[in-house]
Amino acid sequence: MQRYEPECVDGDLFLVADEDRLEVGTVDDVVDAVGGETYVIEYDERQRTQPWLDADDGVLEVDVRETATSLNHTPETVSDLREYDMSTEKYGLPARTVEFANRLVDILERQGREEE
């Protein structure tokens, strides 16, 4: 399956695959929409038993900037993001940027869960 790779140009984030390119917004705005440079994921007792989780205290801190600029996305996600424009009427941040940040948080929150 074709995946869209993030590309950062002068602080602006794009999702790129072949000849297609979608502007997401600035990386700074993505970080602001997520709530800061670091996102904290807390794992329950069962999830802490997973060998891949290197967090004895059940807390994993994720670098939002690094994740936003390195995690690739499906064509379906990019298609959904196209439905949001770059207007700033609702949140003071571009609507597409906010939606991208929401999806990034959803991806982070699903880590380690078998259901969903």
Side-chain angles (χ1 to χ4, degrees):
M1 175 193 321
Q2 176 189 25
R3 302 284 290 189
Y4 281 74
E5 300 288 333
E7 180 180 291
C8 191
V9 179
D10 296 329
D12 292 325
L13 181 63
F14 299 88
L15 298 178
V16 179
D18 295 331
E19 300 296 317
D20 194 20
R21 181 181 178 112
L22 178 71
E23 179 182 9
V24 173
T26 70
V27 176
D28 289 342
D29 283 348
V30 171
V31 170
D32 287 345
V34 169
E37 295 283 342
T38 303
Y39 188 83
V40 176
I41 302 171
E42 294 184 25
Y43 292 91
D44 63 26
E45 289 295 325
R46 184 185 58 81
Q47 292 169 322
R48 291 180 197 175
T49 62
Q50 300 300 316
W52 54 264
L53 181 60
D54 187 20
D56 292 337
D57 59 356
V59 175
L60 184 66
E61 293 185 4
V62 178
D63 184 316
V64 172
R65 189 173 300 272
E66 178 184 338
T67 303
T69 59
S70 63
L71 186 67
N72 59 38
H73 298 274
T74 66
E76 291 78 18
T77 297
V78 173
S79 178
D80 291 346
L81 288 172
R82 287 186 197 284
E83 294 180 18
Y84 297 88
D85 61 24
M86 296 299 287
S87 68
T88 60
E89 296 172 8
K90 191 170 181 181
Y91 304 106
L93 296 172
R96 184 180 299 152
T97 305
V98 172
E99 183 59 25
F100 176 81
N102 289 340
R103 289 171 185 257
L104 194 62
V105 168
D106 287 345
I107 291 168
L108 293 174
E109 286 294 326
R110 285 193 310 252
Q111 297 298 316
R113 294 185 186 163
E114 292 181 10
E115 65 276 359
E116 297 181 21

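Hydrogens, waters and symmetry mates play no part in the numbers below; they use all other heavy atoms, side chains included.
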Exercise. Does T74 have any side chain to side chain contact (heavy atoms under 4.5 Å, CB included) partners at least two apart in sequence or in another chain, and if so, which?
Worked result: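 Side chain to side chain contact (heavy atoms under 4.5 Å, CB included) check on T74 returns M1, R3, E76, T77.
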
Exercise. Any sub-3.5 Å donor-acceptor pair from R96's side-chain atoms to M86's backbone N or O?
Worked result: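 Checked: no pair found.
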
For this session: Output yes when a side-chain donor or acceptor of T38 lies under 3.5 Å from a complementary backbone atom of V62, and no otherwise.
Result: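 Between the backbone of V62 and the side chain of T38 there is no qualifying donor-acceptor contact (under 3.5 Å).
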
Exercise. Out of curiosity, E109 CD to E42 CD, how far, rounded to the nearest 0.5 Å?
Worked result: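 Nearest 0.5 Å value for the CD-CD distance: 9.0 Å.
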
Problem set entry | Spacing of E5 atom CD and L71 atom CG [to the nearest 0.5 Å] |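 Separation between the atoms: 9.5 Å.
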
Exercise. With a 4.5 Å limit on heavy-atom distance, are the side chains of R21 and E7 in contact?
Worked result: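 A side-chain contact exists here, since the closest heavy-atom pair is under 4.5 Å.
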
Exercise. Considering only heavy atoms from C-beta outward, does the side chain of D80 approach that of E99 to under 4.5 Å?
Worked result: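 No, side chains not in contact.
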
For this session: Quick one: closest heavy-atom pair of T26 and T97, and the distance?
Result: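 Where T26 meets T97 most closely, the heavy atoms are O-CG2, 4.4 Å.
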
Problem set entry | Smallest separation among heavy atoms of V30 and A101, with atom names |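 Looking at all heavy atoms of both residues, the shortest contact is O-CB, 4.1 Å.
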
Do [X] and [Y] belong to the same hydrophobic cluster, where Ile, Leu, Val, Met, Phe, Trp and Tyr are linked whenever their side-chain heavy atoms lie under 4.5 Å apart, directly or via other members?
{"X": "Y4", "Y": "L22", "value": "yes"}
{"X": "L13", "Y": "Y84", "value": "no"}
{"X": "F14", "Y": "L81", "value": "no"}
{"X": "V78", "Y": "V105", "value": "yes"}
{"X": "Y39", "Y": "L104", "value": "yes"}

Problem set entry | Partner residues of R65 under the side chain to side chain donor-acceptor pair (under 3.5 Å) criterion, sequence neighbours left out |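 With sequence neighbours excluded, R65 shows a side chain to side chain donor-acceptor pair (under 3.5 Å) to D28, E37, given in chain and number order.
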
For this session: Check V31, D32, V27 against V64 for a side-chain contact (heavy atoms from CB on, under 4.5 Å) and give me the one that passes.
Result: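 Per the side-chain contact (heavy atoms from CB on, under 4.5 Å) rule, the option paired with V64 is V31, out of V31, D32, V27.
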
